[in-house]
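What follows is a short report on a single structure.
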Amino acid sequence: WAHARQELTDIPPMIRVKAADGEGVRALTVEELRALCEACLHEHQRRFLLLAIGTAARPGALVELTWDRVDFDSGTINQALPGVDHGNKRRPRVPMPASVKGYLAGKRSVGPVIQWNGKALTDHKRLYAGLAERAGVEVTAYGIRKACATWMRREGVPEWDVLGMLGHRAGGSQTERYAHWRPEFMRAASESLERLIRAVDPPWLAARLPLVSGVELDQLRYLRAAND
C-alpha cells in the first residue's frame, strides 16, 4: 500500500516464511499413521490420534476439546469453543465414526477429553513430537488432517461432506446450525474415515471396533494391502 501511495520509491524484497507446523505439509501414509498408533504409550496419545484420524480436526482443536461438546445422542463432536470466534479456521460440528464413538463412550468423563495427569494440554506439539520420534515419522501433525482429506477424496466422498469435515464453509450458517440432526449428516465422510481407521488398524483399538460384515472385511483387507 505504501508503494501504491508513492510513499516508497522501490518495492522492498518479499520474504516468504514457511510455517513449521502449517497445512502445507504432505499427507501421512496409512503405514505412517499405523506407526504412530503403534508408538502410543499413554491414553492421551491414543485419544489424540483416534480423534485426529476420525474427525480430520485441526490439532489445536483436539487438545481443547471438552467432554460437554461430545454429544453421544446425536453422535457428534462440536470442535468450537463456546463464545469464541475462530475466524477462518472454523471448528465444525462433525459426526463421530463408529470406532471413535465406541471408544469414547466407555471413557466419558468431565473436563478435557485429552489430558495428562488430570490436566489439560497447552498444545499438541510436545505430544505429537514424542510419537513421531518413536514412530520414525518426519511429518507434522497436520499431515494427519491432510491424510484424512486425501483419503476421503480418493473414496469419492461428496465435496460438501469433505468441506464440512475440514471446517471449510459449505453452506449458509442457518443450514449448518441444524444439519447435525439429519440422519445423513456428513455420513459419507464419517463412514470413509471409519474405513481409514480400520485400514490403519491401531493395535489398542481392536477390542472396541464394531463388528463388520464379510463383504466389509474383504474391502478392509483390500484397502490395507493397497496402502501397505
Side-chain angles (χ1 to χ4, degrees), residues 19-23 25 28 32-148 165-167 180 193 196-197 200 202-209:
D21 197 11
E23 297 187 55
V25 298
L28 286 162
E32 288 172 324
L33 291 174
R34 186 179 303 127
L36 287 171
C37 290
E38 290 173 348
C40 288
L41 299 177
H42 305 286
E43 177 62 21
H44 70 294
Q45 298 168 335
R46 293 190 282 269
R47 293 186 192 183
F48 176 81
L49 285 180
L50 182 60
L51 284 165
I53 299 170
T55 67
R58 293 181 173 88
L62 296 180
V63 297
E64 293 180 342
L65 179 65
T66 50
W67 283 106
D68 58 303
R69 287 180 283 132
V70 180
D71 188 339
F72 290 96
D73 291 331
S74 65
T76 61
I77 290 176
N78 184 4
Q79 300 174 25
L81 290 170
V84 177
D85 181 2
H86 295 290
N88 292 330
K89 294 189 175 183
R90 297 178 64 248
R91 295 186 179 186
R93 182 189 294 269
V94 298
M96 288 184 277
S99 296
V100 174
K101 184 177 181 181
Y103 189 84
L104 294 182
K107 299 177 180 294
R108 68 175 79 183
S109 183
V110 295
V113 175
I114 300 171
Q115 53 182 272
W116 174 246
N117 287 337
K119 297 180 180 179
L121 303 183
T122 54
D123 63 42
H124 71 279
K125 293 180 181 178
R126 183 174 180 181
L127 180 160
Y128 182 81
L131 287 174
E133 183 177 4
R134 285 194 297 276
V137 172
E138 298 182 352
V139 182
T140 68
Y142 275 96
I144 303 176
R145 178 172 159 85
K146 197 161 187 176
C148 295
M165 290 295 290
L166 296 175
H180 65 283
L193 293 181
L196 175 56
I197 292 170
V200 172
W204 36 264
L205 186 63
R208 295 182 181 271
L209 287 173

key: Partner residues of R108 under the side-chain contact (heavy atoms from CB on, under 4.5 Å) criterion, sequence neighbours left out   =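 Counting only residues at least two positions away or on another chain, R108 forms a side-chain contact (heavy atoms from CB on, under 4.5 Å) with W67, F72, A105.
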Looking at every non-hydrogen atom in both residues, tell me the closest pair between [X] and [Y] and how far apart they are.
{"X": "P97", "Y": "I197", "result": "CB-CD1, 4.3 Å"}
{"X": "C148", "Y": "A56", "result": "CB-CB, 3.7 Å"}
{"X": "C40", "Y": "R46", "result": "CB-CG, 3.7 Å"}

query = Looking only at atom types and distance, does a side-chain atom of R90 sit under 3.5 Å from a main-chain N or O of D85, one as donor and one as acceptor?
reply = no
ask   = Under 3.5 Å, is there a donor-acceptor pair between the side chain of Q45 and the main chain of H42?
value = yes
Do [X] and [Y] touch side chain to side chain, with heavy atoms closer than 4.5 Å?
{"X": "L196", "Y": "I53", "value": "yes"}
{"X": "I77", "Y": "R69", "value": "no"}
{"X": "L104", "Y": "L51", "value": "yes"}
{"X": "V200", "Y": "L49", "value": "no"}
{"X": "R134", "Y": "L41", "value": "yes"}

message = Quick check with a 6.0 Å cut-off and a 45 degree axis cone: is K125 positioned over the face of Y128's six-membered ring?
response =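 Here K125 fails the 6.0 Å and 45° test against Y128.
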message = Between the side chains of E43 and R47, is the shortest nitrogen-to-carboxylate-oxygen separation below 4.0 Å, so that they form an ion pair?
response = yes
query = Which value, rounded to the nearest 0.5 Å, describes the distance between D123 atom CG and E64 atom CD?
reply =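 If we round to the nearest 0.5 Å, D123:CG and E64:CD are 10.0 Å apart.
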Please set out all donor-acceptor pairs under 3.5 angstrom arising from side-chain atoms of residues 112-119, sequence neighbours excluded.
{"residue": "Q115", "atom": "NE2", "partner": "P112", "partner atom": "O", "Å": "2.8"}

